[in-house]
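One structure is given here, and the rest of the page talks about it.
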Amino acid sequence: MVKAFTLKAYAKINLGLTVLASREDGYHDLQSVMQQVSLSDTLLFEQASGKGCNFLCTDKRLSGSENLVSRAAAILQHRAGKDLSGVKITLFKNIPVEAGLAGGSADAAAALIGLNRYWSLNLDDKTLLDIGAMLGSDVPFCLHGGTALARGRGEILQKLPPLPFFWVVLAVPKDTAISTASAFNSFDKTKMGEPSVKPLVEAIERGSKKDILSWCARGFTNTLETAVLPQSGELKSIKESLKKAGFSPALSGSGPAMFILTKNYREARDAAFFVEQENARVYLCWITSGSKEW
Ligand code: C5P
């Protein structure tokens, strides 16, 4: 029987992110409220001749052995200690690359889940989370999905109640590229620990849409913004225009993607239209809850 199936790989936003301290291993301790959204890539798994994993991406720049999907496959093969049957993975890329939306991490998480199934490895959730953390700080959250408070370098997760439904408008500046490492390394160390994500966590625990929107409206929800905004005039100007128009854009991860939560579809559509006028890429999606208990 020919084996073929697809899996979705969902993007994430950081509803809040606080850098707490630099670490000796080059990472930073943080606290972040992470939320899965409906914007997704798709991975197609197909039977292939030969052994091991053959990986292709619709965005040619992302094909090859350095992609986290290939690296996930290599780790699983190494753990198995034997040649595993041939599989071809095609990644249909849709999530913007290097935008702070964890697109690459989401692909890695979907690859781990898909290959665990394809190769019948029977690895449990804890093992997949540990392998995910080896691939990148956001991969465990992408395996987890839903809403979570992330600690450590992002890999220690505490499940939070599902967020009430919001439409999400993503604004991605066209000509801004910011590496995660440079964002972490260039922020003002005296700002460590601010803003505390505690009010956000409490608002989520109360299930209060109003308080979650108030958190986003405070304008400073992510420590990394202080490091990233000065690096990009484009990002700064899009943020200012959106604020002037009455929206509350917040930076996701190390950016440059910003997100706006909206109460209803009409407001989301208005925000999306406005973002388009600003010459940024716009994605209209919604928050999603993880389907799996971890
Ligand atoms: O874990 P990931 O590969 O996504 O991290 C990319 C880079 O971002 C790291 O090499 C590090 O420089 C920086 N980083 C950090 N602290 C974190 C996560 C990432 O300094 N918690």
Side-chain angles (χ1 to χ4, degrees), residues 9-37 41 61-62 64-76 91 93 95-112 128-145 148-158 172 176-197 200-201 221-232 235 250-257:
Y10 293 100
K12 66 90 180 121
I13 54 175
N14 300 79
L15 295 171
L17 192 157
T18 313
V19 179
L20 299 175
S22 326
R23 301 177 6 164
E24 300 217 323
D25 60 4
Y27 285 89
H28 292 80
D29 278 324
L30 52 79
Q31 278 197 336
S32 180
V33 176
M34 300 174 91
Q35 175 62 52
Q36 189 179 48
V37 294
D41 292 338
R61 294 165 304 169
L62 303 178
S65 59
E66 276 311 297
N67 190 288
L68 286 179
V69 170
S70 297
R71 287 169 52 197
I75 293 180
L76 293 182
L91 169 59
K93 197 71 196 163
I95 303 171
V97 177
E98 288 191 343
L101 298 170
S105 300
D107 299 337
L112 288 175
L128 289 180
L129 287 168
D130 288 347
I131 297 172
M134 290 161 63
L135 289 162
S137 307
D138 288 341
V139 180
F141 173 76
C142 293
L143 285 161
H144 182 284
L149 175 62
R151 297 176 210 261
R153 63 182 168 88
E155 86 286 21
I156 303 168
L157 300 170
Q158 177 191 329
V172 186
T176 300
I178 294 158
S179 91
T180 308
S182 86
F184 270 99
N185 289 327
S186 59
F187 82 99
D188 180 354
K189 301 211 169 4
T190 62
K191 296 263 172 16
M192 280 187 184
E194 296 168 34
S196 164
V197 295
L200 172 62
V201 172
T221 57
N222 177 343
T223 314
L224 292 177
E225 195 161 323
T226 55
V228 167
L229 273 192
Q231 291 185 39
S232 166
L235 185 61
L251 192 76
S252 181
S254 57

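Both counts, for ligands and for their atoms, begin at 1 and track the order of listing.
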State, yes or no, whether a side-chain contact exists between V139 and M134 at a heavy-atom distance under 4.5 Å. no

Checking a contact table here: which protein heavy atom is nearest atom 13 (C) of ligand 1, and how many Å away? F184 CD1, 3.7 Å

Any heavy atom of L30 sitting closer than 4.0 Å to ligand 1? yes

Are D29 and R23 close enough for a salt bridge, meaning some N to O gap below 4.0 Å? yes

With a 4.5 Å heavy-atom cut-off, do P96 and L101 have their side chains touching? yes

A student checking ligand 1 against G136 at a 4.0 Å heavy-atom cut-off should list atoms 1 (O)

Give a yes or no on whether E98 atom CD has more than 12 heavy-atom contacts from other residues, nucleotides or ligands under 6.0 Å away. no

Report, in ascending order of atom number, the atoms of ligand 1 lying under 4.0 Å from any heavy atom of H28. 15 (C), 16 (N), 17 (C), 20 (O), 21 (N)

Take every heavy atom of G154, measure it against each atom of ligand 1, and state whether any distance is under 4.0 Å. no

So, is T180 polar-close to ligand 1, with some N/O to N/O distance under 3.5 Å? no

among protein heavy atoms, the one nearest atom 1 (O) of ligand 1 is S137 OG, 2.6 Å

Can you report which non-hydrogen protein atom sits closest to atom 5 (O) of ligand 1, along with the distance? Y27 CE2, 3.8 Å

Between Q231 and S182, does a side chain to side chain contact (heavy atoms under 4.5 Å, CB included) hold up when you go through it step by step? CA-CA 10 Å; Q231 291 185 39; S182 86; 3.9 Å; yes

Run the numbers for me: atoms of ligand 1, each under 4.0 Å from some heavy atom of A181, listed by number. 8 (O), 12 (O)

Show the atoms of ligand 1 that are less than 4.0 angstrom away from any heavy atom in R153. 17 (C), 18 (C), 21 (N)

Row check, F187 ring normal vs K191 NZ/CZ: under 6.0 Å, within 45°: no

Is R153 salt-bridged to D25, going by a charged N under 4.0 Å from an acidic O? no

